[in-house]
Participant: 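Quick one: structure below, then a few questions.
Keep in mind it's a predicted model, so treat the numbers as computed, not measured. Here is how names work: the chains are called A, B, and so on, in the same order as the sequence lines, proteins then strands, and each is numbered from 1. When reading the values below, keep in mind they use all heavy atoms of this one structure, side chains included, and skip hydrogens, waters and symmetry mates.
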Amino acid sequence: MKPDTLMVKFIMKLSAWLNATCKDTGPLVSETMDHSLSFSKRWRMKFHLAICEACRQYVSQLKTLRALAERLGKEDAPADPRTKLSPEAKETIQQALKNFQ
Amino acid sequence: MDTAKSLDSNLWVERYGDALYRYTLVRVKNPDSSQEIVQVTLLAALQSQKSFAGRSSEKSWLFGILKHKILDHFRSLKIRRTYELSTDDDTNPYENEFDEMGHFINPPKKWQIDPQHAAENEELVLALAKCLDGLSEKFRYIFVLKEVEGMKSEDICKEMAIQPTNLWVILHRARNQLKKCLEANDWHRKQ
């Protein structure tokens with residue numbers, strides 16, 4: 001490949017990175033939590049985040065969401081104490097265990 | 001260790017029933033299915049009492065079995081329905097949040113909370129649990145596997161037979177819906 005073709009390709013890439021919008025960036029911010037982005041996508045996201053406060057807020061919100069969900073996954077996660085098996089359900093399960101024995 | 005002494009199956013329902021049920025309900029949503037999964041778990045535990053090595057507590061051991069049974073439940077649903085994105089999932093509110101230049105019409109609000117300390121806020125964790133109920137079944141299961149269970153993306157794709165690109169789209173939409181639901185609770189202004 002000729003050097004000038006390479007240069008044109010690079011400038012086009014750079015221009016795409018610099019022109020990324022919030023709409024383009026949101027899915028990338030989410031995706032980056034699920035797998036590693038390609039070099040090109042990663043830099044498009046980074047360039048945009050460097051200049052966009054709104055999208056940085058979005059990053060922070062998704063991180064908060066992840067932290068909350070992780071806590072919800074723990075055995076000792078906070079739960080509404082009113083959420084209980086009904087006495088009938090307990091009786092049914094107890095009976096099933098007895099029948100099995 | 002003497003298994004008979006370390007496990008007391010007669011007390012399982014009373015001791016752990018509610019905790020197992022709550023744990024299941026967060027993931028499965030449907031109360032009847034959750035109750036059934038608890039029952040299946042305890043029966044499986046009864047069958048495999050001998051495998052209880054006493055290395056973990058009785059409670060952790062039961063939760064370990066429960067986790068497998070919940071995953072079995074997700075798998076069983078896969079037979080009846082697809083987890084791939086379909087035209088039914090096309091209501092994407094994300095698309096409507098931007099002007100023609102691709103900028104946010106209403107930029108994300110600053111949440112008065114540091115993500116690193118968010119998990120300490122129990123009220124918020126409970127709010128998220130409630131918001132999960134607003135997701136469609138498909139979005140909820142995928143989100144739960146990824147963010148609540150912490151499963152790897154490639155494992156979810158394999159388990160649920162979906163393409164990675166679909167997984168990313170589903171997760172992005174689910175996160176946006178949950179984010180909006182949390183904001184609707186107004187907690188970020190109360191901090």
Side-chain angles (χ1 to χ4, degrees), chain A residues 19-37 48 52-101, chain B residues 9-10 12-14 17-19 21-23 25-26 35 38-39 42-43 46-47 59-60 63 94-95 97-98 101-104 107-111 113 115-116 118-119 121-122 124-129 132 143-144 146-150 153-154 164 167-169 171-172 175-176 178-179 182:
Chain A
N19 285 327
T21 62
C22 302
K23 192 176 174 180
D24 304 327
T25 306
L28 297 180
V29 167
S30 177
E31 261 186 57
T32 199
M33 303 177 90
D34 305 322
H35 71 117
S36 25
L37 295 180
H48 184 78
C52 181
E53 169 65 20
C55 284
R56 287 199 297 273
Q57 287 303 333
Y58 187 67
V59 172
S60 172
Q61 291 179 344
L62 292 199
K63 282 185 180 166
T64 299
L65 196 59
R66 169 161 281 183
L68 295 174
E70 203 183 310
R71 175 77 201 277
L72 200 56
K74 307 265 191 242
E75 285 166 25
D76 65 343
D80 187 338
R82 288 167 298 180
T83 307
K84 287 178 180 178
L85 279 170
S86 65
E88 297 79 27
K90 284 186 178 171
E91 183 54 39
T92 307
I93 298 173
Q94 195 75 57
Q95 201 54 50
L97 291 175
K98 262 189 200 149
N99 292 345
F100 183 79
Q101 284 167 328
Chain B
S9 56
N10 288 329
W12 284 348
V13 176
E14 218 33 66
D18 289 335
Y21 177 67
R22 285 178 195 134
Y23 186 91
L25 203 56
V26 164
Q35 182 190 322
V38 172
Q39 179 167 325
L42 294 181
L43 284 170
L46 207 54
Q47 263 176 310
K59 188 179 178 189
S60 301
F63 269 98
Y94 180 77
E95 295 296 318
E97 289 176 24
F98 301 91
M101 299 291 287
H103 299 306
F104 279 109
K109 298 180 184 88
K110 185 171 171 50
W111 287 359
I113 192 157
Q116 286 187 326
N121 188 326
E122 301 206 339
L124 258 186
V125 178
L126 285 171
L128 176 64
L132 280 177
F143 180 84
V144 161
K146 177 69 194 172
E147 300 287 31
V148 178
E149 295 296 355
S153 298
E154 50 267 40
L167 175 79
W168 307 332
V169 172
L171 284 169
H172 180 224
R175 286 175 181 133
N176 279 325
L178 291 170
K179 196 176 87 61
L182 283 176

Participant: Between A/Q94 (side chain only) and B/E14 (backbone N and O only), is there a donor and an acceptor less than 3.5 Å apart?
Facilitator: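 Judged by distance alone, no pair lies under 3.5 Å.
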Participant: Taking side chain as C-beta onward, heavy atoms only, is A/S60 less than 4.5 Å from B/W111?
Facilitator: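 Side-chain contact under 4.5 Å: no.
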Participant: Give the minimum heavy-atom separation between B/D18 and A/L85, together with the two atoms involved.
Facilitator: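 Looks like OD1-N, 3.0 Å.
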Participant: Given a strict heavy-atom distance threshold of 4.5 Å, which part of A/K98 is in contact with chain B: side chain, backbone, both, or neither?
Facilitator: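 Neither; nothing under 4.5 Å.
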Participant: Report the option among B/V38, B/V125, B/V144, B/L178 that has the most heavy-atom pairs separated by less than 4.5 Å from atoms of chain A.
Facilitator: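 Highest number of pairs under 4.5 Å: B/V125.
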Participant: For B/A118 and A/L68, work out which heavy atoms get closest and say how close.
Facilitator: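 Looking at all heavy atoms of both residues, the closest pair is O-CD2, 3.5 Å.
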Participant: Heavy-atom pairs under 4.5 Å with chain B are the metric here; pick the option from A/P27, A/C55, A/A89, A/G26 that has the most.
Facilitator: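 Most pairs with chain B among the choices: A/P27.
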Participant: Quick check for you: to the nearest 0.5 Å, what is the distance between B/F143 atom CZ and A/L65 atom CG?
Facilitator: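 Here the rounded value is 4.5 Å.
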Participant: Do A/L72 and B/L132 have side chains that get closer than 4.5 Å, going by heavy atoms?
Facilitator: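 The answer is yes; the side chains approach within 4.5 Å.
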Participant: Given heavy-atom pairs under 4.5 angstrom as the criterion, report whether the side chain, backbone, both or neither of B/Q35 touches chain A.
Facilitator: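 The answer is both parts of B/Q35.
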Participant: In terms of heavy-atom pairs under 4.5 Å, which option from B/E149, B/K179, B/K59 contacts chain A the most?
Facilitator: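 If we count pairs closer than 4.5 Å to chain A, B/K179 comes out on top.
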Participant: Heavy atoms only: give me the nearest A/T21-B/G102 pair and the separation to one decimal.
Facilitator: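 Closest approach of A/T21 to B/G102, heavy atoms only: CB-O, 3.5 Å.
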Participant: Could you state the interatomic distance from NZ (A/K23) to CE (B/M101), rounded to the nearest 0.5 Å?
Facilitator: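 The distance works out to 12.5 Å.
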Participant: Sub-3.5 Å donor-acceptor pair from the side chain of A/T83 to the main-chain atoms of B/R22, do we have one?
Facilitator: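 No; judged by distance alone, with no hydrogens or angles, the pair does not exist.
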Participant: Would B/K146 and A/D34 count as a side-chain contact (heavy atoms from CB on, under 4.5 Å) here? Give the steps.
Facilitator: CA-CA 8 Å; B/K146 177 69 194 172; A/D34 305 322; 3.4 Å; yes
Participant: Kindly give the heavy-atom pair with the smallest separation between A/S30 and B/R175, and that separation in Å.
Facilitator: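 Smallest heavy-atom distance, with atoms named: OG-NH1, 2.6 Å.
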Participant: Count the heavy-atom pairs under 4.5 Å between each of A/R71, A/H35, A/R56, A/R66 and chain B, then report the option with the highest count.
Facilitator: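 Top option by heavy-atom pairs under 4.5 Å: A/H35.
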Participant: Please give me the minimum heavy-atom distance between A/A54 and B/P107, naming the atom from each residue.
Facilitator: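 Where A/A54 meets B/P107 most closely, the heavy atoms are CB-CB, 3.9 Å.
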Participant: Looking at A/Q57 and B/K110, what are the two nearest heavy atoms and their distance?
Facilitator: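 Where A/Q57 meets B/K110 most closely, the heavy atoms are OE1-CA, 3.4 Å.
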Participant: Need one label for A/L62: side chain, backbone, both or neither, based on atoms under 4.5 Å from any heavy atom in chain B.
Facilitator: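 It is the side chain, since no backbone atom gets that close.
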Participant: Side chain from CB out, backbone as N, CA, C, O: work out which of these in B/V26 comes under 4.5 Å of a heavy atom of chain A, or both, or neither.
Facilitator: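 Answer is side chain: those atoms of B/V26 sit under 4.5 Å from chain A.
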Participant: How about B/Q39 and A/T92: do any of their side-chain heavy atoms sit closer than 4.5 Å?
Facilitator: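 Result yes, sub-4.5 Å side-chain heavy-atom pair found.
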Participant: What part of A/A77 gets closer than 4.5 Å to chain B, counting heavy atoms only: side chain, backbone, both or neither?
Facilitator: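 No part of it gets close to chain B.
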Participant: Relative to each other, are the rings of A/Y58 and B/F104 parallel, tilted or perpendicular (30° and 60° limits)?
Facilitator: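 The rings of A/Y58 and B/F104 sit tilted, inter-plane angle from 30° to 60°.
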Participant: Are any non-hydrogen side-chain atoms of B/Q116 and A/K63 less than 4.5 angstrom apart?
Facilitator: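 SC-SC contact between B/Q116 and A/K63 ruled out.
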Participant: Please step through side-chain contact (heavy atoms from CB on, under 4.5 Å) for the pair A/E75 and B/Y23, ending with a clear verdict.
Facilitator: CA-CA 7 Å; A/E75 285 166 25; B/Y23 186 91; 4.2 Å; yes
Participant: Please classify the contact of B/L167 with chain A as side chain, backbone, both or neither, using a heavy-atom distance under 4.5 Å.
Facilitator: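 Neither part, no heavy atoms under 4.5 Å.
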Participant: Picking from A/Q61, A/E53, A/E31, which has the most non-hydrogen pairs under 4.5 angstrom with chain B?
Facilitator: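 So the answer, after comparing A/Q61, A/E53, A/E31, is A/Q61.
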